[in-house]
Amino acid sequence: MNSKEDPSGCTDRIHYSKRKITDLNRPVTMQDKRHMTYVAATLLEVQRIAPVVTLTLPHASTVDTKLGGYDIPKHTIVLFNIMAAHYDPKYWDKPEEFRPERWIGENNELKKNEAYMPFSLGPRICAGISLANIETFMAFSNILQRFKLESPDKTPMTMEGKQSGTIYVPVNDNIRAIPFGAGASTADVGIVGVTVAVVAGVVVAAGIGVLPAFTDFVVLVVDDAQSH
């Protein structure tokens, strides 16, 4: 897959899973997540390939210790390099490629990878991980249940961002939201100033407190579409 293009069949598979579970006649709920393995795998891959932060918050060692053959004296400031871990070929096959399938096991169950750490690791893991995962799944699922997202001028969307301190900021882009259903009109929406990851032609909330911004985004699209 070209990392700048929507992987073949990805968005179609996401929409199919939603249609299979909800028949598209009700919103997706958290109770549906266990039946949407491919959707969950896509979100894991989004957070692997485009984490919101590239480094964890600073920590300090409380005792003299060793890690990976290195001496770490007491009170040493330590940070995890999340981006390096998420692109390490020792843990990921072709890490530069966006492949949700890498997360799905033989029995259609989600696999784990010890190098995956978008919210850090251990007892100091981000306190908002559960809330962030709920918001991400709900926003992602319900937006893609109602809209097909694409570039207005048919040029591939980029997954590349820019570094701003420890934050990995996506580039501003325009997205065309096409409501599913006969006779539905198209709404062109500019995504500006919202922390999102644009991956495979899909907009994904990625972090705590993002859902209100996505609620505004959804309302904007719906109002525009219904006004025609």
Side-chain angles (χ1 to χ4, degrees), residues 1 3 5-22 27-54 82-83 85-87 91-93 95-105 108-121 125-126 128-149 157-159 161 167-170 175 177 191 194-215 217-218:
M1 182 199 91
S3 64
E5 297 178 358
D6 185 10
S8 176
C10 178
T11 51
D12 288 341
R13 289 185 63 178
I14 291 171
H15 187 66
Y16 171 77
S17 67
K18 291 176 173 54
R19 184 171 66 249
K20 181 179 179 181
I21 300 301
T22 69
V28 177
T29 68
M30 282 303 297
Q31 286 68 37
D32 297 320
K33 186 174 182 179
R34 65 180 182 272
H35 303 298
M36 296 182 174
T37 303
Y38 189 80
V39 176
T42 300
L43 290 172
L44 289 171
E45 184 68 347
V46 166
Q47 293 178 331
R48 180 196 70 83
I49 206 167
V52 175
V53 292
T54 57
I82 297 175
M83 190 68 82
H86 285 189
Y87 281 80
Y91 296 95
W92 312 95
D93 178 40
E96 71 284 353
E97 294 185 359
F98 181 82
R99 295 198 341 239
E101 294 78 9
R102 74 171 79 243
W103 293 97
I104 302 176
N108 200 40
E109 296 179 351
L110 292 176
K111 298 191 297 185
K112 296 182 179 180
N113 190 309
E114 62 181 345
Y116 179 72
M117 57 175 77
F119 297 94
S120 188
L121 291 173
I125 195 171
C126 176
I129 181 173
S130 296
L131 176 60
N133 284 333
I134 291 172
E135 291 184 343
T136 301
F137 176 78
M138 293 296 292
F140 177 91
S141 298
N142 284 290
I143 288 174
L144 265 72
Q145 183 185 42
R146 302 179 65 181
F147 301 97
K148 176 182 179 181
L149 305 182
M157 292 183 179
T158 178
M159 291 188 294
I167 305 297
Y168 189 64
V169 183
I175 298 174
I191 304 300
V194 179
T195 303
V196 299
V198 180
V199 180
V202 173
V203 181
V204 181
I208 301 173
V210 174
L211 186 56
F214 264 77
T215 302
F217 165 68
V218 175

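Keep in mind that what you see is a predicted model, and the values were worked out from it rather than measured.
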Test the Arg48-Phe98 pair against the cation-pi criterion, namely NZ or CZ under 6.0 angstrom from the six-membered ring centroid and within 45° of the ring axis.
no

Check whether any side-chain heavy atom of Val39 sits under 4.5 Å from a side-chain heavy atom of Ser141, and report yes or no.
yes

Donor-acceptor pair, side chain of Tyr87 and main chain of Ile49, under 3.5 angstrom
yes

Kindly compute the distance separating CD1 (Ile104) from CD (Glu45), expressed to the nearest 0.5 Å.
10.5 Å

Find out whether Gln31 and Arg34 are in side-chain contact, i.e. whether some heavy atom of one side chain is under 4.5 Å from a heavy atom of the other.
yes

Does atom NZ (Lys148) have a neighbourhood of more than 12 heavy atoms from anything else shown, all under 6.0 Å?
no

Atom pair OG (Ser17) and CG (Asp12), whose distance is rounded to the nearest 0.5 Å
11.0 Å

Is there a side-chain contact between Arg102 and Asn113 in this structure, where contact means two heavy atoms from C-beta onward sitting under 4.5 Å apart?
no

Compute whether any side-chain donor of one residue and acceptor of the other, for Asn133 and Ser130, lie under 3.5 angstrom apart.
no

Distance in Å, Arg13 CZ paired with Met36 CE, rounded so as to fall on 0.5 Å steps
14.0 Å

Heavy-atom distance under 4.5 Å between the side chains of Ile82 and Gln47, does that happen here?
no

Closest non-hydrogen atoms of Val53 and Pro118, given as atom of the first, atom of the second and distance, are CG2-O, 4.3 Å

Heavy-atom side-chain proximity of Asn108 to Tyr38 below 4.5 angstrom
no

So do Ile143 and Leu149 actually touch side chain to side chain, heavy atoms under 4.5 Å?
yes

Atom pair CZ/SG of Arg99 and Cys10 - distance to nearest 0.5 Å:
12.5 Å

Would you please name every residue forming a side chain to side chain contact (heavy atoms under 4.5 Å, CB included) with Leu44, sequence neighbours left out?
Trp103, Leu110, Tyr116

Does Ile14 reach the side chain of Phe140, with side-chain heavy atoms less than 4.5 Å apart?
yes

Just how far is it from atom NZ of Lys111 to atom OG1 of Thr37, taken to the nearest 0.5 Å?
13.0 Å

Are any side-chain N or O atoms of Thr54 and backbone N or O atoms of Met83, one a donor and one an acceptor, separated by less than 3.5 Å?
no

Can you tell me how far apart CD1 (Ile21) and NZ (Lys33) are? Round to the nearest 0.5 Å.
14.5 Å

Please name all residues satisfying ring pair (Phe, Tyr, Trp, His ring centres under 6.0 Å) with Phe137, sequence neighbours left out, ordered by chain then number.
none

Of all heavy-atom pairs linking Pro95 and His86, the shortest is CB-O, 4.2 Å

